[in-house]
Amino acid sequence: GRTLLGNEPDVLCQVRNWDVLRGFFRDAGIGFAETLLPGEEGLAEHCERWVRKPVRSGGGRDVDYWDGSALACHQILQAYVDGVPASAAFVADGEDSLVIGVTEQLIGREELGAAGFAWCGNMVPLELAKADREIVWHDIATAVSRLTKHFGLRGVNGVDFVLHRCADGRPQPVVVEVNPRYTASMELFESAYDESIFSLHVEAVKGHLPTSQDQARWKRTDGCLGKAIVFAKRPVTMPDTGGWFGLGRHDVPHTGERIEAGHPVCTVFARGDGRRGCWSGLLEA
């Protein structure tokens, strides 16, 4: 008796089914990290490095390099792709789509207390030369357009990819995951564009997409905006955090809260003229 502001259950089941997803990308001719299911480990001999991840993956949790052992029923393998971890957000109405923006993903950054494949933030935009930016936006727009039409995605969604460099130097986005939901990078786009992404989401679910002029404006992000998740490097008890939000920190823990090593403490933000300035600002924050 209510309106579901998002993708229908059958859409989620299809787009999060790894066998269905890899078949779609193969048939569509779109770059996708080679993916193997339990029982297919014998097909992994031709690639040197593989990553083992949960079927229901998120945030890089429980993701690690494969040691050659048999997969559990809730795990998959993906061929490791060398390049820059990135993500793209897009808005869709079930038939058509528009890319909102492309970010660099911060993965396992020791400076933030993270390790391995743990997601620990984003920076927007993904820093690229002008010619490369056009190629990447075109390739991502093609991928999400075909995803939308095939699966009927609605609202705001995301794709995670690795920006790989081909032998001739051409940038190639290689998709590793589709997130048929609101993603953690959306708040950066809201700040960068001074626009409500949730409003875009609701309107898209109703069947109304922004114009191509809006997308052209999104491509012209001024400077670089970033968010970083700070992880505890050791077990800690929080001091007085009453003033933290006023310092621009989000996801603030309670005063006296116990946080174990490897768990998130809070989120910090920074803005810079470019990627280097933004990253320095995040570390300072």
Side-chain angles (χ1 to χ4, degrees), residues 5-6 53-54 56-64 84-87 89 100-127 155-158 160 177 179 181-202 221-285:
L5 294 178
K53 60 194 296 185
R56 297 182 177 181
S57 58
R61 291 185 296 274
D62 299 322
V63 178
D64 205 350
V84 178
S87 69
I100 297 174
V102 182
T103 80
E104 176 183 344
Q105 289 202 71
L106 303 176
I107 303 294
R109 301 307 293 261
E110 294 181 1
E111 302 93 328
L112 302 173
F117 290 90
W119 170 81
C120 48
N122 298 77
M123 291 193 291
V124 58
L126 174 65
E127 189 171 70
V156 293
N157 302 267
D160 293 340
E177 192 163 302
N179 297 306
R181 55 170 171 77
Y182 215 84
T183 68
S185 63
M186 299 300 178
E187 63 181 328
L188 288 181
F189 296 124
E190 289 205 340
S191 296
Y193 308 148
D194 191 25
E195 184 166 3
S196 170
I197 301 301
F198 186 71
S199 294
L200 293 181
H201 174 73
V202 173
T221 303
D222 294 327
C224 183
L225 184 64
K227 64 180 286 186
I229 316 303
V230 181
F231 289 82
K233 296 183 179 181
R234 63 182 187 279
V236 292
T237 299
M238 287 295 98
D240 181 2
T241 59
W244 280 27
F245 194 77
L247 296 173
R249 301 167 185 168
H250 289 191
D251 307 311
V252 175
H254 294 289
T255 298
E257 183 175 342
R258 179 74 171 175
I259 298 180
E260 299 301 325
H263 288 233
V265 175
C266 68
T267 305
V268 297
F269 296 83
R271 186 186 295 270
D273 291 336
R275 182 198 178 281
R276 179 178 297 179
C278 182
W279 175 241
S280 295
L282 287 174
L283 295 183
E284 182 178 354

S.K.: Is K233 reaching over with its side chain to a backbone N or O of L112, donor-acceptor style, under 3.5 angstrom?
M.R.: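 Not at all, since once roles are kept as given, no pair shorter than 3.5 Å links the two residues.
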S.K.: Could you verify whether a donor N or O on one side chain and an acceptor N or O on the other, from D251 and T267, lie under 3.5 Å apart?
M.R.: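 Yes, a side-chain donor-acceptor pair sits under 3.5 Å.
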S.K.: Please find the pair of heavy atoms, one from T241 and one from T255, that lie closest to each other, and give the distance.
M.R.: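 Residues T241 and T255, closest heavy atoms: N-OG1, 3.0 Å.
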S.K.: Go through it in stages, so that I can follow the logic: the residues are T183 and V156, the test is side-chain contact (heavy atoms from CB on, under 4.5 Å), and I'd like the CA-CA distance, side-chain angles, deciding distance and then a yes or no.
M.R.: CA-CA 8 Å; T183 68; V156 293; over 6 Å; no
S.K.: Considering non-hydrogen atoms only, spot the tightest contact between P125 and G223 and give its length.
M.R.: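 Looks like CD-O, 3.4 Å.
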S.K.: Of all the heavy-atom pairs spanning G101 and Y193, show the shortest one and how long it is.
M.R.: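 Reported closest heavy-atom pair: CA-OH, 3.8 Å.
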S.K.: Give, for atom NE2 of H250 and atom CD of E187, the distance between the pair rounded to the nearest 0.5 Å.
M.R.: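 Reported value, rounded in 0.5 Å steps: 7.0 Å.
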S.K.: Any sub-3.5 Å donor-acceptor pair from W279's side-chain atoms to G281's backbone N or O?
M.R.: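 No, the answer is negative, given that no donor and acceptor are paired below the 3.5 Å cut-off.
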S.K.: Show your reasoning for whether side-chain contact (heavy atoms from CB on, under 4.5 Å) applies to E104 and E127.
M.R.: CA-CA 8 Å; E104 176 183 344; E127 189 171 70; 5.7 Å; no
S.K.: Any side-chain to backbone donor/acceptor pair from E190 onto I197? Under 3.5 Å, distance only.
M.R.: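 Yes; at least one donor-acceptor contact below 3.5 Å.
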S.K.: Rounded to the nearest 0.5 Å, what separates atom NZ in K53 from atom CZ in F117?
M.R.: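 Reported value, rounded in 0.5 Å steps: 9.5 Å.
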S.K.: What's the verdict on side-chain contact (heavy atoms from CB on, under 4.5 Å) for L282 and L106, showing C-alpha distance, side-chain angles and the deciding distance?
M.R.: CA-CA 11 Å; L282 287 174; L106 303 176; 4.2 Å; yes
S.K.: Taking atom CZ of R258 as the centre, does the number of heavy atoms from other residues, nucleotides or ligands within less than 6.0 Å exceed 12?
M.R.: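 Yes, enclosed.
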S.K.: Please report the interatomic distance CD(Q105) to OG(S87), rounded to the nearest 0.5 Å.
M.R.: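 Reported to 0.5 Å precision, the distance equals 4.5 Å.
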S.K.: Kindly say whether S199 contributes a backbone atom to a donor-acceptor pair with the side chain of S196 at under 3.5 angstrom?
M.R.: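 Here the side-chain-to-backbone pair exists.
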S.K.: Please round to the nearest 0.5 Å and tell me the distance separating atom OG of S191 and atom CE of M186.
M.R.: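 Here the rounded value is 13.5 Å.
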S.K.: Which heavy-atom pair separates V265 from I259 by the least distance, and what is that distance?
M.R.: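 Closest approach of V265 to I259, heavy atoms only: CA-CD1, 4.0 Å.
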S.K.: For residues W119 and A184, report the shortest heavy-atom separation together with the two atoms involved.
M.R.: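 For W119 versus A184, the nearest heavy atoms are CH2-CB, 3.6 Å.
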S.K.: Would you call W244 and P253 a side-chain contact if the rule is heavy atoms closer than 4.5 Å?
M.R.: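 W244 reaches P253 side chain to side chain.
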S.K.: Counting distance only, does the side-chain N/O of T103 pair as donor-acceptor with the main-chain N or O of N122 below 3.5 Å?
M.R.: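 Not at all, since once roles are kept as given, no pair shorter than 3.5 Å links the two residues.
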S.K.: For the pair Y182 and H201, name the ring-plane relationship: parallel under 30°, tilted 30 to 60°, perpendicular over 60°.
M.R.: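 Rings of Y182 and H201: perpendicular, as their planes differ by over 60°.
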S.K.: Supply the atom-to-atom distance M123 CE to L225 CG, rounded to the nearest 0.5 angstrom.
M.R.: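 If we round to the nearest 0.5 Å, M123:CE and L225:CG are 10.5 Å apart.
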S.K.: How far apart are the closest heavy atoms of P264 and F231, and which atoms are they?
M.R.: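 For P264 and F231, the tightest heavy-atom pair comes out as N-CD2, 3.7 Å.
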S.K.: Examine distances only and state if a side-chain atom of N179 and a backbone atom of E177 form a donor-acceptor pair shorter than 3.5 Å.
M.R.: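 Side chain of N179 to backbone of E177: no pair is present.
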S.K.: Measuring from atom NE2 of H263 to atom CD1 of I229, what distance do you get when rounded to the nearest 0.5 angstrom?
M.R.: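 These two atoms lie 14.5 Å from each other.
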S.K.: Can you tell whether the side chains of E260 and R234 come within less than 4.0 Å, N to carboxylate O?
M.R.: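 No salt bridge links E260 with R234.
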